[in-house]
*Asks:* 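Below you will find the structure I want to go over with you.
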Amino acid sequence: MADIIETAVVLLHSNDIHSRLENAARIASIIEEERALWGADRVLAVDCGDHMDRMRQETEGSGGEVNIRLLEDAGYEAVTLGNNEGLTYSIPELEKRFVDSSGFAVVCSNMKLERNGEHPSWLKPSVIIHKNDLKFGVIAATADYRPFYKLLGWQSSDPLEAIGEEVMKLRSKCDTIVVLSHLGLMNDRKMAEQIDGIDLILGGHTHHLLQEPEMINGTAICAAGKFGEHIGRIEIGRRREDGGLVYSCSVIPTAAFAEKPEAAAIISRYRISAGKQLSRIIATLDEALPASTDRETPLPNLLAAGIRRWTGADIALINNGQLLGGLAIGDATAGELHALCPSPINPCVMKLYGRHIRAALEQCLLPEFYDKPVKGYGFRGEVLGTLAVDGVEIVYDSAKPPMERLVKVLIGDRPMEDDKQYTVGCLDMFSFRIGYETLADGEDYQFFLPEFIRDVLERELCDQSALQLCKKKRWHPV
């Protein structure tokens, strides 16, 4: 940077921390060090969404408040919503958290309230932040999961169109235009190609790590990976010859940094309060409910029956990998249920032809499917797992060739017909063609939000008849 008079501002950006709170505390130390070196007026910290993840007990037990307090303590000045904030919390829950926050703006241009088509008071389409002698136009957008957001009361829109409108409003007023993108790398590239006037795109959602920025159409695309393992750092200075801005972009691994003591104290405090919150007893079990990923077991059966009852479907199909273990005799608490079923997965119902159901049932008998590792799309387990069913009786022969092992499939008391449609209670994850891909070939999807599948399981644990029926076998070997 030999042609620069001086560093004007250091811009620090994080994304997809997913409640790896210890890494958030390390990032807070890095931000603090940068401010000590350059001064608060020359450091800007922003987050590109998915800071919260309800798989973490401190986040679940505090309704995300622990994440807000860590953002405040670190001195972030602008954040956006990722799908883990927008899809796993209701609008009133988000409002409760963000209205009370201090010190940072919540920015998202493509999310408005369904009831009036306006942004809520706590959410801005863009914001101008003054740092040193520079004006930063900060714009943000999140992935457009329109059918899901509509069920929660949001009106989401095309993110690139929304960003383009904000760029037109701000370009003449600002020295630098920065987009906090929770859209994924492919959309970031498209944004840079299609929208003029953006200086920096700070990306997330697809967990991509860019050690060096991608340059497209004069726009620098940057990203810091996932889980707070890195933080992005952009040093902004002025060229000696004309005073124009120069951007030097890099990422910093966080593992070597100590947790900021104040942030560590916040985590500790919420760990204790979350433990108390999640100690609530859901049910007291007289018998254990084991769970296994590779064979039929009672607890996945209980969840499948609950999904069928919740959705009013003819049958239900869920993958056993949603459950990370079983329940022992005695008290089952909310914390234990959260630990066994941490995924923010929602129930859904669809119409599905028998041939698509048959293909999935054949696949779930094969280890290449039930042992398949799965990541993302809300799934917080390890492997896909075989299928637990309800409303279906299956006879199978393991000695037959793969994909030819089903001897009989009964829905009710009638053989399943390949060309007949059935209503199937399932999981939203399968609509993204994950794992058992034929389960994404359905029609007339209906999603149930904000309920998670652990909410369904909690209801079933309180039903004595359901606890007895889950032990009844649905899969029968020849």
Side-chain angles (χ1 to χ4, degrees), residues 15-16 46-54 59-60 62-65 67-68 71-72 76-129 137-170 177-184 187 191 195 202 204-205 344-348 378 428 431 445-452 455:
N15 60 276
D16 297 284
V46 298
D47 183 79
C48 301
D50 275 5
H51 194 289
M52 298 177 184
D53 194 318
R54 292 181 65 171
T59 299
E60 175 73 1
S62 69
E65 186 175 334
N67 302 78
I68 301 299
L71 287 164
E72 290 175 338
Y76 281 84
E77 293 180 67
V79 307
T80 194
L81 301 177
N83 47 287
N84 269 265
E85 286 90 10
L87 289 175
T88 68
Y89 290 100
S90 67
I91 292 174
E93 288 171 326
L94 290 173
E95 182 175 18
K96 180 180 179 181
R97 291 290 162 252
F98 287 120
V99 165
D100 291 339
S101 66
S102 61
F104 62 83
V106 187
V107 186
C108 193
S109 62
N110 68 319
M111 296 286 284
K112 297 179 180 179
L113 298 173
E114 177 72 20
R115 68 174 185 267
N116 60 14
E118 297 179 357
H119 296 282
S121 60
W122 52 269
L123 185 65
K124 308 298 181 185
S126 61
V127 65
I128 297 175
I129 297 176
V138 179
I139 304 165
T142 196
D144 183 15
Y145 293 109
R146 198 166 303 183
F148 297 92
Y149 277 125
K150 186 176 178 64
L151 291 170
L152 289 168
W154 286 110
Q155 182 187 98
S156 64
S157 62
D158 181 274
L160 297 193
E161 289 182 8
I163 290 167
E165 291 176 5
E166 294 304 312
V167 171
M168 290 181 64
K169 293 177 186 176
L170 296 184
I177 297 293
V178 181
V179 175
L180 313 185
S181 167
H182 200 81
L183 304 175
N187 283 312
M191 188 194 317
I195 304 175
L202 312 180
H205 187 48
I345 299 280
N346 308 106
C348 72
D428 63 2
S431 71
Y445 278 92
Q446 179 184 351
F447 299 98
F448 293 78
L449 274 76
E451 301 89 355
F452 293 152
D455 298 319

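Every value quoted in this text rests on a predicted model; they were computed, and no experiment measured them.
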*Asks:* Can you tell me if Arg54 uses its side chain to pair, donor with acceptor, with the backbone of Thr88 under 3.5 Å?
*Replies:*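 Indeed, once roles are kept as given, a pair shorter than 3.5 Å links the two residues.
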*Asks:* Looking only at heavy atoms, what is the nearest atom pair of Val106 and Trp122, with distance?
*Replies:*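 That would be CB-O, 3.5 Å.
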*Asks:* What I'd like to find out is whether the side chain of Asp455 reaches to under 4.5 Å of the side chain of Phe448, using heavy atoms alone.
*Replies:*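 They are not in contact (no side-chain heavy atoms under 4.5 Å apart), so the answer is no.
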*Asks:* Evaluate side-chain contact (heavy atoms from CB on, under 4.5 Å) for Ile91 paired with Tyr149, printing each intermediate quantity in order.
*Replies:* CA-CA 10 Å; Ile91 292 174; Tyr149 277 125; over 6 Å; no
*Asks:* Are a donor atom and an acceptor atom from the side chains of Thr59 and Asn67 found within less than 3.5 Å of each other?
*Replies:*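 Present: a donor and an acceptor within the cut-off.
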*Asks:* Could you walk me through whether Val46 and Val178 pass side-chain contact (heavy atoms from CB on, under 4.5 Å), step by step?
*Replies:* CA-CA 10 Å; Val46 298; Val178 181; 5.6 Å; no
*Asks:* About how many Å separate CG of Leu449 and CD of Glu451, when rounded to the nearest 0.5 Å?
*Replies:*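 With rounding to 0.5 Å, CD (Glu451) is 7.0 Å from CG (Leu449).
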*Asks:* How far apart are the C-alpha atoms of Met52 and Tyr89, what are their side-chain angles, what is the distance that settles it, and do they pass the side-chain contact (heavy atoms from CB on, under 4.5 Å) test?
*Replies:* CA-CA 10 Å; Met52 298 177 184; Tyr89 290 100; 3.7 Å; yes
*Asks:* Please confirm whether the backbone N or O of Ile345 pairs with a side-chain atom of Asp428, one donor and one acceptor, at under 3.5 Å?
*Replies:*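 No, the answer is negative, given that no donor and acceptor are paired below the 3.5 Å cut-off.
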*Asks:* Could you state the interatomic distance from SG (Cys108) to CD1 (Ile139), rounded to the nearest 0.5 Å?
*Replies:*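 One gets 12.0 Å once the value is rounded to the nearest 0.5 Å.
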*Asks:* Quick check: closest heavy atoms across Ala78 and Ile129, and the distance to 0.1 Å?
*Replies:*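 It is CB-CD1, 4.0 Å.
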*Asks:* Name the atoms and distances for all side-chain donor-acceptor pairs under 3.5 Å in residues 112-120, with sequence neighbours left out.
*Replies:*
{"residue": "Glu114", "atom": "OE2", "partner": "Lys150", "partner atom": "NZ", "Å": "3.1"}
{"residue": "Asn116", "atom": "OD1", "partner": "Glu118", "partner atom": "N", "Å": "2.9"}
{"residue": "His119", "atom": "ND1", "partner": "Met111", "partner atom": "O", "Å": "2.8"}

*Asks:* Looking only at atom types and distance, does a side-chain atom of Asn84 sit under 3.5 Å from a main-chain N or O of His51, one as donor and one as acceptor?
*Replies:*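 No.
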*Asks:* Please examine the side chains of Leu160 and Leu183, heavy atoms only from C-beta on, and report whether any two atoms are closer than 4.5 Å.
*Replies:*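 Result yes, sub-4.5 Å side-chain heavy-atom pair found.
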*Asks:* Any idea which heavy atoms bring Gly86 and Leu152 closest together, and the distance?
*Replies:*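 Taking Gly86 first and Leu152 second, the nearest heavy atoms are O-CD1, 3.5 Å.
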*Asks:* Working to the nearest 0.5 Å, report the span between OG of Ser62 and CZ of Arg97.
*Replies:*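 Reported to 0.5 Å precision, the distance equals 6.5 Å.
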*Asks:* Strictly distance-based, threshold 3.5 Å: is any side-chain N or O of Glu85 a donor or acceptor partner for the main-chain N or O of Asp50?
*Replies:*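 Confirmed, Glu85 side chain pairs with Asp50 backbone.
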*Asks:* I'd like to check Leu81 versus Phe98 (side-chain heavy atoms, cut-off strictly below 4.5 Å). Are they in contact?
*Replies:*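 When only atoms from C-beta onward are counted, Phe98 and Leu81 do touch, with a gap below 4.5 Å.
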*Asks:* Yes or no on side chain to side chain donor-acceptor pair (under 3.5 Å) for His182 and Asn15, after CA distance, side-chain angles and deciding distance?
*Replies:* CA-CA 8 Å; His182 200 81; Asn15 60 276; over 6 Å; no
*Asks:* Fit a plane to each ring of His205 and Tyr145, take the angle between them on a 0 to 90° scale, and name the class: parallel (under 30°), tilted (30 to 60°) or perpendicular (over 60°).
*Replies:*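 Because their plane-to-plane angle is over 60°, the rings of His205 and Tyr145 count as perpendicular.
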*Asks:* Pairs of donor and acceptor atoms involving the side chains of residues 163-170, under 3.5 Å and at least two apart or interchain, shall be tabulated with distances.
*Replies:*
{"residue": "Glu166", "atom": "OE1", "partner": "Ser126", "partner atom": "OG", "Å": "2.8"}
{"residue": "Glu166", "atom": "OE2", "partner": "Lys169", "partner atom": "NZ", "Å": "3.2"}

*Asks:* Taking all non-hydrogen atoms of both residues, which atom of Ala162 and which atom of Asn110 are closest, and how far apart?
*Replies:*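 Scanning both residues completely, I find the closest heavy atoms to be CB-CB, 3.8 Å.
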*Asks:* To the nearest 0.5 Å, how far apart are CG in Asn83 and OG in Ser156?
*Replies:*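 Here the rounded value is 12.0 Å.
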*Asks:* By ring pair (Phe, Tyr, Trp, His ring centres under 6.0 Å), which residues pair with Phe447, not counting sequence neighbours?
*Replies:*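 Partners of Phe447 by the ring pair (Phe, Tyr, Trp, His ring centres under 6.0 Å) criterion, ordered by chain and then number, come out as Phe148, Tyr445.
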